[in-house]
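In what follows, a single structure is set out as structure tokens and then discussed.
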Amino acid sequence: MSSAALETKETVAGLGEKYKYGFVTDIEMERAPKGLSEDTVRYISAKKGEQEWMLEWRLAAFRRWLSMKEPNWARVRYPAIDYQNAYYYAAPKNTPLKQSLDEVDPKLLETYKKLGIPLHEQMALAGVAVDAVFDSVSVATTFKEKLNEAGVIFCPMSEAIRDYPELVKKYLGSVVPVTDNFFATLNSAVFSDGTFVYVPKGVRCPMELSTYFRINASETGQFERTIIVADEGSYVSYLEGCTAPKRDENQLHAAVVELVALDNAEIKYSTVQNWYPGDENGLGGIYNFVTKRGDCRGVRSKISWTQVETGSAITWKYPSCILRGDESVGEFYSIAIANNFQQADTGTKMIHLGKNTRSRIIAKGISAGKAQNTYRGLVSVYGKAENARNFTQCDSLLIGRDCGAHTVPYIESRNPSARIEHEATTSKIAEDQLFYCLQRGIAQEEAVALIVNGFCKEVLQQLPMEFAVEAQKLVGISLEGSVG
Amino acid sequence: MLDIKNLHVTVAGKEILRGLNLRVDAGQVHAIMGPNGSGKSTLSYVLAGRAGYEITEGSMTYNGENLAALPPEQRAAKGVFLAMQYPVEIPGVTTMMFLKSALNAQRRGRGESEMDAIGILKTVRKKAAALNISEDMLKRALNVGFSGGEKKRLEILQMSLFEPKLAILDETDSGLDIDALRLVAEGVNSLRAPERAMLVITHYQRLLDYIVPDRIHVLANGRIVAEGGKELALELEAKGYEQIVKDAA
């Protein structure tokens with residue numbers, strides 16, 4: 001290998017070392033007893049002050065989970081998880097729901113500041129409503145009043161279960177059924193918080209909604225549940241960001257996200273996932289086993305997923321769209337970066353049920369170090385989906401020679417009028433590209449960032465403006481492209 | 001400005017330059033001519049600092065500094081520019097964005113403040129117009145889908161934008177038709193200046209009709225085997241490389 005390529009490898013390896021969210025907040029925690037049993041489920045439900053129906057729902061999920069097996073079809077390798085050797089509930093002591101930010105423990109606010117999320121500032125400047133989930137509970141929701149005026153519900157899931165039980169009953173498990181898969185079922189039993197969003201008919205949500213997820217406690221899993229419902233003719237854009245401290249152990253994150261878009265409604269869901277990826281030897285890191293699915297239930301509805309996945313030791317995640325309504329549209333834009341010993345198996349499912357449904361998939365995978373990066377995607381056209389259209393583009397970029405990129409597309413069509421296109425490329429950061437940049441005065445690290453930035457451009461452009469900066473930094477990029 | 005003494009360079013274990021001597025002063029334009037495989041491109045790459053080109057003996061002094069000790073991006077900041085024979089494509093990065101990144105990286109490298117986006121845009125537009133480079137080209141991804149002529153014109157635009165002290169043009173004439181050649185040569189000639197040295201590397205005499213050098217060096221088997229004024233190019237054209245190399249031996 002040429003020395004330039006070698007240096008590139010080191011530069012990229014260096015990015016992984018500089019995980020700046022690896023600190024731990026010293027805060028008194030309240031936890032459920034270790035292990036997982038019906039008692040754990042009851043403990044969580046009681047902590048949340050839930051009604052009987054919710055507890056029964058959880059217990060049914062738990063009983064089901066006991067009979068299920070962990071999936072093993074993904075291209076990821078990890079030692080067996082001991083589900084009894086973890087905590088399923090951890091919360092900062094004395095911080096139940098707050099009415100205003102002033103009541104939140106200053107240590108927590110300090111943590112969010114370190115994460116680059118100045119809640120106050122965002123309230124004032126960005127016009128972004130933020131819900132912050134710290135380990136298992138939601139600690140602060142900003143901008144509630146303004147949203148209330150518009151009739152938008154944006155609150156922690158536990159609050160929604162208490163205050164809007166009919167809405168929750170109607171939509172909880174309606175997109176990702178309790179029995180869907182091992183991790184989703186586990187989540188159904190033990191989820192402790194998350195975010196609930198309801199946008200009423202005809203309302204365009206007046207601001208970007210955002211949730212920051214933070215795992216702080218050790219040996220603790222995080223199981224949040226998010227539901228977003230966009231009623232007829234409404235629009236909402238939502239972004240989640242995730243970080244966790246550096247720890248030598250692996251921690252499990254098994255979230256479930258359910259989106260429902262009714263007639264003519266649109267949901268834009270963006271993720272910047274930067275869970276701790278483990279160190280350069282592959283020690284520690286988050287297992288990110290997440291089920292995300294959107295149901296385009298109404299005619300001409302639209303759901304768009306955008307994800308920037310840079311963190312986690314293992315990512316197992318397939319944000320999907322069920323295109324049920326006629327003329328509904330599903331989109332998936334993804335950047336997945338895997339470095340060192342990270343493993344990513346991610347992609348999407350586009351299920352075309354309605355007539356004239358369209359889907360678009362743009363996936364960019366970047367592999368470095370000894371990482372393995374797999375795109376796995378399903379495009380399925382059912383018999384009644386006349387004139388369904390899909391376009392898929394999967395591009396892989398390799399840095400160094402010890403990493404791998406894999407593309408596993410599944411295509412099923414039961415309607416002869418369907419048109420499905422799939423394009424895939426694999427490329428390397430070429431030595432001549434790097435040399436060209438260096439010769440023009442651009443140093444190695446910036447050159448790599450520039451090239452990777454160019455590679456990811458189509459996806460980065462999909463992110464809400466307010467969050468583009470964060471994502472670009474994350475990718476190791478300075479995007480000063482305003483002159484372009 | 002540039003003083004190369006007894007330079008030996010190996011690439012992948014094979015010696016390509018074998019005791020090359022060359023001196024270029026500020027304000028001068030020198031041409032390096034030579035047959036294929038004589039080491040012309042190796043010379044340009046080793047001056048620019050490309051990885052994999054190992055100096056085993058000899059020295060390269062640039063404005064009194066040991067050039068070999070500087071990483072390539074610092075050489076660029078200090079005014080070494082190489083117009084490449086095969087400019088590379090960088091998908092997704094607009095030409096304008098690239099020019100801005102490079103110019104500011106060089107300025108930072110010299111301890112100067114960065115130029116703002118508007119200032120760069122204005123400067124680039126002005127210089128681009130002179131080279132018949134359209135606004136649209138500046139918005140397209142760097143070199144992606146550019147014709148051979150467009151790529152070479154963009155190299156000259158960069159030379160004009162970065163205002164280097166030592167400009168090396170590696171086979172800039174290759175792949176150009178006569179109109180493009182003239183345009184590129186005009187661009188180069190307009191950059192001739194008392195404080196700037198240029199090294200024009202070419203296989204054919206043709207380019208030297210348009211860019212008239214102060215001195216010509218003939219490179220063969222990794223060494224300079226003949227030197228002379230601009231008339232040497234005509235002699236080469238008449239006799240061919242083989243005869244000149246023989247005469248020199």
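All of these numbers come straight from a predicted model, not from anything done at the bench. Letters go in sequence order (proteins before strands), and every chain restarts at 1.
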Given that the side chain runs from C-beta out, which part of [X] has a heavy atom under 4.5 Å from chain A: side chain, backbone, both or neither?
X: B/E89; value: backbone
X: B/R50; value: both
X: B/L142; value: side chain
X: B/N143; value: side chain
X: B/F81; value: both
X: B/R108; value: side chain
X: B/P71; value: neither

For atom [atom1] of [X], is the number of surrounding heavy atoms from other residues, nucleotides or ligands below 6.0 Å larger than 12?
X: A/R376; atom1: CZ; result: yes
X: A/R419; atom1: CZ; result: no
X: B/F146; atom1: CZ; result: yes

Practice problem: Go through the steps to decide whether B/E155 and A/R440 satisfy the test salt bridge (charged side-chain N to carboxylate O under 4.0 Å, His left out), and finish with yes or no. | Solution: CA-CA 10 Å; B/E155 292 294 284; A/R440 300 300 143 97; 2.8 Å; yes
Practice problem: Would you please test A/E331 and A/K302 for salt bridge (charged side-chain N to carboxylate O under 4.0 Å, His left out) and show each step? | Solution: CA-CA 8 Å; A/E331 292 177 337; A/K302 178 176 176 182; 3.7 Å; yes
Heavy-atom pairs under 4.5 Å with chain A: which of [options] has the most?
options: B/G49, B/P72, B/A12, B/A77; value: B/P72
options: B/A105, B/P164, B/A141; value: B/A105
options: B/Q106, B/K78, B/M84; value: B/M84
options: B/T95, B/L82, B/I90, B/V80; value: B/L82

Self-check item: Aromatic plane relationship, A/F435 with B/Y45 - under 30° parallel, 30 to 60° tilted, over 60° perpendicular
Solution: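 The rings of B/Y45 and A/F435 stand perpendicular, inter-plane angle above 60°.
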Self-check item: Toward chain B, the part of A/Y436 with a non-hydrogen atom under 4.5 Å
Solution: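 Both backbone and side chain.
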Self-check item: Derivation of the side-chain hydrogen bond (donor to acceptor under 3.5 Å, both in side chains) call for A/Y269 and A/E240
Solution: CA-CA 8 Å; A/Y269 192 105; A/E240 59 174 3; 3.0 Å; yes
Quiz prompt | Qualifying residue for side chain to side chain contact (heavy atoms under 4.5 Å, CB included) with A/L397, from A/T426, A/I366, A/T425 | solution =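 Output: one option passes, namely A/I366.
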